[in-house]
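Down below is the structure, laid out as structure tokens.
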Amino acid sequence: MGITSSESFFEKVYAVVRRIPQGKVATYGDIAKSIGSPGAARMVGWAMNASHALDDVPAHRVVNRNGLLTGKAHFAHPDLMQQLLENEGIVVIDNQIQDFKTKIWVPPLPEEA
DNA sequence: AAGGTGACCGGCC
DNA sequence: TGGCCGGCCACCT
């Protein structure tokens with residue numbers, strides 16, 4: 001695997017994820033929409049899996065639509081994702097982000113940007 | 001070149 | 001009120 005092109009779908013995903021403010025989270029679906037590929041939410045998750053090597057992509061700030069830490073298993077440590085979030089002031093109980101509605105950050109759509 | 005796959009989503013039982 | 005099913009799209013073999 002590897003980055004085949006600097007303009008790949010993955011790179012677009014990373015660009016958005018890098019913009020997620022500290023203490024906030026974004027959903028896979030919203031990120032997919034923001035890069036002009038609504039419905040490619042699953043691929044966003046895949047991109048996160050590949051972002052492993054990159055140190056400037058805050059993959060822990062990406063959760064599913066319910067505010068659930070569905071990707072935690074893919075981190076170096078199963079509890080690493082939760083710890084990183086709690087470091088930023090987000091409370092997580094049983095893989096669920098508390099007060100999720102106020103923590104969510106919606107990336108700008110292509111039209112708005 | 002075709003098919004399998006996944007850190008999802010929405011809608012329908 | 002919760003679980004299942006199908007669709008979805010880019011990437012990999």
Side-chain angles (χ1 to χ4, degrees):
Chain A
M1 333 206 227
I3 292 110
T4 53
S5 162
S6 61
E7 298 184 1
S8 67
F9 177 90
F10 281 20
E11 285 295 331
K12 291 182 186 173
V13 173
Y14 299 151
V16 174
V17 174
R18 276 190 273 255
R19 290 188 191 111
I20 304 175
Q22 219 182 60
K24 295 284 186 175
V25 294
T27 70
Y28 299 98
D30 284 343
I31 292 173
K33 284 184 200 168
S34 77
I35 60 176
S37 298
R42 310 177 86 186
M43 193 45 55
V44 172
W46 203 317
M48 291 292 93
N49 191 31
S51 79
H52 222 283
L54 306 170
D55 53 341
D56 62 334
V57 178
H60 62 280
R61 297 186 189 139
V62 185
V63 298
N64 81 343
R65 72 182 187 278
N66 299 316
L68 217 52
L69 276 55
T70 50
K72 62 173 289 188
H74 290 270
F75 283 77
H77 235 344
D79 291 327
L80 181 58
M81 185 176 187
Q82 174 168 343
Q83 288 175 9
L84 290 172
L85 287 172
E86 289 181 335
N87 257 4
E88 302 182 357
I90 292 179
V91 181
V92 179
I93 299 179
D94 199 25
N95 296 334
Q96 169 66 50
I97 292 181
Q98 304 301 298
D99 205 5
F100 178 52
K101 287 287 180 67
T102 68
K103 307 296 182 193
I104 192 172
W105 175 79
V106 181
L109 295 174
E111 314 158 0
E112 303 174 351

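Throughout, protein chains are lettered first and strands after them, A, B, ... in sequence-line order, and every chain is numbered starting at 1.
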- request: For F75(A), answer base if it contacts any base atom (sugar-phosphate contacts may also be present), sugar-phosphate if it contacts only those atoms, and nothing otherwise; contact means non-hydrogen atoms under 4.0 Å.
  value: base
query: CZ of R19(A) to CZ of R61(A): how many Å apart, nearest 0.5 Å?
result: 13.5 Å
- line: For nucleotides 4-9 of chain C, 5' to 3', base contacts (B), sugar-phosphate-only contacts (S) and non-contacts (-) with protein non-hydrogen atoms under 4.0 Å give ---BBB
- request: For the side chain of W46(A), starting at C-beta, report the closest nucleotide among dC9(B), dA7(B), dG4(B).
  value: dG4(B)
field: Between dT1(C) (P) and N66(A) (CG): distance, integer Å
entry: 15 Å
Under the 3.5 Å Watson-Crick or G-U criterion, the dot-bracket string of DNA chain C, with | for inter-strand pairs: .|||.||.|||||
field: Between dC8(B) (P) and K33(A) (NZ): distance, integer Å
entry: 16 Å
field: Integer-rounded Å distance: dA7(B) C1' and N95(A) CG
entry: 12 Å
query: Which residues satisfy the side chain to side chain contact (heavy atoms under 4.5 Å, CB included) test with N66(A), sequence neighbours excluded?
result: N64(A)
Nucleotide dC8(B), atom C1' - distance to CG of L68(A) in whole Å: 12 Å
statement: So CE of M43(A) and CZ of F10(A): to nearest 0.5 Å the spacing works out to 6.0 Å
- prompt: Is there a side chain to side chain contact (heavy atoms under 4.5 Å, CB included) between K24(A) and I104(A) once you walk through the steps?
  reply: CA-CA 6 Å; K24(A) 295 284 186 175; I104(A) 192 172; over 6 Å; no
message: If the cut-off is 4.0 Å, is T70(A) near the phosphate of dC8(B), judged by side-chain N/O to OP1 or OP2?
response: yes
query: Roughly, in whole Å, what's the span from CD1 in I104(A) to P in dC9(B)?
result: 10 Å
